[in-house]
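This report concerns only the one structure given below.
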Amino acid sequence: MNNKGFTLIEVLGVLVVASILLTITFRSIHSTLSVSKEEAYKLMKNNIISASYEYIQECNQKLISCDFSFENNNQFVAEVLKESGYLKNLNSPIDGKDLGSCLLLEATNSNGVTVVNLIDDCY
């Protein structure tokens, strides 16, 4: 009798090895995606800070109508930047959540130097 093919043990062995390799691959991909989403979130926050400098400068020069001033109201939410056209998107790269109302920007001016701090209450 000429039996060609694989035994059940051989097939199971291949399936076990393949499932182990797939598990390792999926974990690696998931980890890489998580890290890249976190990096994208940091980049987004840096872009918000950059846009806020332009917004503050134009407010102080009275080029736009705004409620910001260093003396009275030196804080504003990131949504103001979106509404004023300085940013197009405030959706989180992590989960797609709108971050406009949970990112607070606080600006100070000392000796003509403006410093903007971003207060992140989102995550």
Side-chain angles (χ1 to χ4, degrees):
M1 181 175 220
N2 189 2
N3 289 338
K4 293 184 179 179
F6 299 104
T7 65
L8 181 58
I9 299 296
E10 291 170 328
V11 171
L12 288 175
V14 168
L15 288 175
V16 166
V17 169
S19 63
I20 290 171
L21 290 174
L22 284 173
T23 301
I24 291 170
T25 302
F26 284 130
R27 285 185 181 171
S28 175
I29 289 171
H30 178 70
S31 174
T32 301
L33 285 175
S34 294
V35 168
S36 65
K37 287 179 180 181
E38 289 293 328
E39 290 300 317
Y41 184 59
K42 289 178 186 175
L43 180 62
M44 179 184 179
K45 291 194 302 185
N46 287 338
N47 288 340
I48 291 169
I49 291 171
S50 295
S52 69
Y53 279 106
E54 185 177 348
Y55 171 78
I56 291 166
Q57 181 180 11
E58 291 184 6
C59 280
N60 287 335
Q61 294 174 353
K62 308 289 188 221
L63 298 174
I64 60 172
S65 174
C66 60
D67 292 331
F68 174 83
S69 73
F70 288 112
E71 294 81 27
N72 298 326
N73 184 18
N74 69 332
Q75 294 183 342
F76 56 95
V77 292
E79 186 68 29
V80 170
L81 298 172
K82 183 178 176 184
E83 291 169 354
S84 301
Y86 292 90
L87 295 171
K88 292 182 181 179
N89 184 2
L90 287 172
N91 293 338
S92 170
I94 296 173
D95 58 8
K97 172 181 154 183
D98 183 30
L99 305 176
S101 60
C102 61
L103 292 174
L104 179 68
L105 294 138
E106 181 178 59
T108 56
N109 190 338
S110 178
N111 297 327
V113 177
T114 301
V115 176
V116 176
N117 292 313
L118 187 133
I119 302 164
D120 184 352
D121 290 331
C122 302
Y123 296 104

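Bear in mind that the values here come from a model prediction, so they are computed numbers and not experimental data.
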[atom2] on [Y] to [atom1] on [X], rounded to 0.5 Å:
X	Y	atom1	atom2	answer
Cys102	Lys97	SG	NZ	4.5 Å
Ser19	Ile24	OG	CD1	9.5 Å
Asp67	Phe76	CG	CZ	11.5 Å
Ser69	Asn109	OG	CG	11.5 Å
Asn60	Cys66	CG	SG	7.5 Å
Leu87	Ser50	CG	OG	9.5 Å

Legend entry - Within residues 67-100 or reaching into it, pairs that qualify as disulfide (SG to SG under 2.5 Å) - sequence neighbours excluded: none
Any [X] side-chain heavy atom under 4.5 Å of [Y] side chain:
X	Y	result
Thr114	Tyr53	yes
Ser34	His30	yes
Tyr123	Asp95	yes

Are any side-chain N or O atoms of [X] and backbone N or O atoms of [Y], one a donor and one an acceptor, separated by less than 3.5 Å?
X	Y	result
Ser31	Ser28	no
Asn74	Ala107	yes
Tyr41	Ile94	no

Mind listing the closest non-hydrogen atom pair of [X] and [Y] along with its distance?
X	Y	result
Leu90	Ile48	CD2-CD1, 3.7 Å
Cys59	Ile64	SG-CD1, 3.8 Å
Leu99	Ser92	CD1-CB, 3.6 Å
Thr7	Glu10	N-OE1, 2.9 Å
Asn73	Phe68	O-CD1, 3.4 Å

hydrophobic_cluster_shared for [Y] and [X], side chain cutoff 4.5 Å:
X	Y	value
Leu12	Val14	no
Val115	Leu104	no
Ile29	Val35	no
Ile49	Leu43	no

Legend entry - Ring geometry between Tyr86 and Tyr55 (parallel below 30°, tilted from 30 to 60°, perpendicular above 60°): perpendicular
Inset, instruction - Show your working on side chain to side chain contact (heavy atoms under 4.5 Å, CB included) between Leu105 and Leu81 and close with a plain yes or no. - result: CA-CA 10 Å; Leu105 294 138; Leu81 298 172; 3.8 Å; yes
Inset, instruction - Mind running side chain to side chain contact (heavy atoms under 4.5 Å, CB included) on Asn89 and Lys82 for me, showing each step along the way? - result: CA-CA 7 Å; Asn89 184 2; Lys82 183 178 176 184; 5.6 Å; no
Legend entry - CA sep, side-chain torsions, deciding dist, call: Phe70, Thr108, side chain to side chain contact (heavy atoms under 4.5 Å, CB included): CA-CA 6 Å; Phe70 288 112; Thr108 56; 5.6 Å; no
Inset, instruction - Determine which pairs satisfy salt bridge (Lys or Arg N to Asp or Glu O under 4.0 Å) with at least one residue from residues 24-53, sequence neighbours left out, and list them in order. - result: Glu39-Lys42, Lys45-Asp120
